[in-house]
K.L.:
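Can you keep this structure in mind? I'll have questions shortly.
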There are 2 protein chains.
Amino acid sequence: MSDLLERLRGRGWRMTAQRRVVAEVLDGEHVHLTADEVHARAVTRLPEISRATVYNTLGELVSLGEVLEVATDKRAKRYDPNAHRPHHHLVCARCGAIRDVHPNGNPLADLPDSERFGFAVSDVEVTYRGVCPDCASA
Amino acid sequence: MSDLLERLRGRGWRMTAQRRVVAEVLDGEHVHLTADEVHARAVTRLPEISRATVYNTLGELVSLGEVLEVATDKRAKRYDPNAHRPHHHLVCARCGAIRDVHPNGNPLADLPDSERFGFAVSDVEVTYRGVCPDCASA
DNA sequence: ATCCTACAATGGACACTGTCTAAGTCAAAT
DNA sequence: ATTTGACTTAGACAGTGTCCATTGTAGGAT
């Protein structure tokens, strides 16, 4: 994710130890942490980082389009660093595990004009639910 | 929605003034209230109804399959009484207005086995986002 | 190398959403 | 009318997120 740090610096983002740590924590595939989980992991690397800073930084990353907010469970928002390849989510109904998925077709095209109520529809978010292999065998 | 009350009574649901009021508040099409909005409206009809009762009653209606929980915005859960006709949602990105929509096709079929990660996929939820006519003209 | 200053971080208070509990109340079966 | 167990209540509590005044600092200017 050093390319992320590069991109951000190129946009005039002021680099601080806290922001670097947050970006590092978010690195990887199939990462979908809540803000407090990000904070917990960040603290192990930078003990004095505050919760407010993590929230602020996550909010900025979302505004910059580098990270997506995901509302798959109905509790906390989760943050998904995989913002540059469009994808949807598959969530385990029991344990909450989340995988990124790429369905066929284009759901946007499946919403006829008669069902758009005059909206300018620009985006669609698909959440599949099921039971993951671990929970099924338990 | 008196048919709802009938159905519930038929299932041995004990009828109380509070439950009746909650069910009445939820009546209608394109209704997607948060729990506290339901409480606010219920209070106008039954001033002493408590927040806990509204939460309990909504939870029971969800368990009974009479009302759906919807997580379209990332704040509070919303409750959708339109549980008997499957549908998805179209949300205004500015004002949060929500409409029920019925897209073509079956998104479940669009998730190939190779993208299921061994999950037993049982459900899919589609949220379209855009700008509603009111917000577009403002 | 040092200084400045605007931007960032801190931490604690606050707000919102939702859950829980103990005690009181009431619908409905008898 | 009585009884009983389910329902309701009020308020405390927990988790998530926001805000603000203060303090600290990155990075450009000197």
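Within every chain, numbering begins at 1; the chains are lettered A, B, ... in the order of the sequence lines, protein sequences first and strands thereafter. Computation of the quantities below employed the complete heavy-atom set of this structure, encompassing side-chain atoms and omitting hydrogens, waters and symmetry-equivalent molecules. What you see is a predicted model, and the numbers here were worked out from it, not measured in a lab.
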K.L.:
Please give, in whole Å, the distance from D:dC7 C1' to B:Arg19 CZ?
P.N.:
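Rounded to the whole Å, the gap is 6 Å.
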K.L.:
Please state whether the rings of B:His87 and B:His102 are parallel, tilted or perpendicular, taking 30° and 60° as the class boundaries.
P.N.:
tilted
K.L.:
Could you check if a side-chain atom of B:Val38 sits within less than 4.5 angstrom of a side-chain atom of B:Tyr55, using non-hydrogen atoms only?
P.N.:
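Not touching, per the 4.5 Å side-chain cut-off.
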K.L.:
Going by salt bridge (Lys or Arg N to Asp or Glu O under 4.0 Å), name the residues that satisfy it together with B:Glu125, two or more places apart in sequence or in a different chain.
P.N.:
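Listed in chain order: A:Arg129.
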K.L.:
Could you please spell out the steps behind the side-chain contact (heavy atoms from CB on, under 4.5 Å) verdict for A:Asp100 and A:His89?
P.N.:
CA-CA 5 Å; A:Asp100 291 353; A:His89 293 102; 3.2 Å; yes
K.L.:
What integer distance in Å separates A:Leu46:CG from D:dG24:P?
P.N.:
16 Å
K.L.:
Please report the C-alpha distance between B:Tyr79 and B:Leu33 in whole Å, then the side-chain angles of each, then the deciding distance to 0.1 Å, and finally whether the side-chain contact (heavy atoms from CB on, under 4.5 Å) criterion is met.
P.N.:
CA-CA 6 Å; B:Tyr79 292 89; B:Leu33 301 171; 5.8 Å; no
K.L.:
Within the structure, does a side-chain N or O atom of A:Gln18 lie under 4.0 Å from either OP1 or OP2 of D:dG24?
P.N.:
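Negative; the distance criterion is not met.
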K.L.:
Output the rounded distance in Å from NE2 (A:His39) to P (C:dA9).
P.N.:
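It works out to 12 Å between those atoms.
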K.L.:
Within the 3.5 Å criterion, strictly below it, is a donor on A:Asn82 or A:His30 matched to an acceptor on the partner's side chain?
P.N.:
no
K.L.:
From CG of B:Leu58 over to C1' of C:dT19, roughly how many Å is that when rounded to an integer?
P.N.:
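Taking atom C1' of C:dT19 as the reference, CG of B:Leu58 is at 14 Å.
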K.L.:
Just do the side-chain contact (heavy atoms from CB on, under 4.5 Å) check on B:Cys132 and A:Phe117 with the steps written out, would you?
P.N.:
CA-CA 8 Å; B:Cys132 75; A:Phe117 297 94; over 6 Å; no
K.L.:
Please lay out, stage by stage, how A:Leu61 and A:Val22 fare under the test side-chain contact (heavy atoms from CB on, under 4.5 Å).
P.N.:
CA-CA 10 Å; A:Leu61 289 170; A:Val22 170; 4.3 Å; yes
K.L.:
To the nearest Å, how far apart are A:Leu8 CG and C:dC7 C1'?
P.N.:
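From A:Leu8 CG to C:dC7 C1': 16 Å.
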K.L.:
Find every protein N or O atom lying less than 3.5 Å from an N or O atom of nucleotides 11-18 of chain C, and list the pairs.
P.N.:
unit_1	atom_1	unit_2	atom_2	d
C:dG18	OP1	B:Lys77	N	2.9
C:dG18	OP2	B:Tyr55	OH	3.3
C:dG18	N7	B:Arg51	NH1	3.2
C:dG18	N7	B:Arg51	NH2	3.1
C:dG18	O6	B:Arg51	NH2	3.0

K.L.:
Pick out the pairs of N or O atoms, protein on one side and nucleotides 27-30 of chain D on the other, that lie under 3.5 Å.
P.N.:
unit_1	atom_1	unit_2	atom_2	d
D:dG27	OP1	A:Met15	N	3.1

K.L.:
Provide, to the nearest angstrom, the distance between the CZ atom belonging to B:Arg20 and the P atom belonging to C:dC26.
P.N.:
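Roughly 14 Å, once rounded to whole Å.
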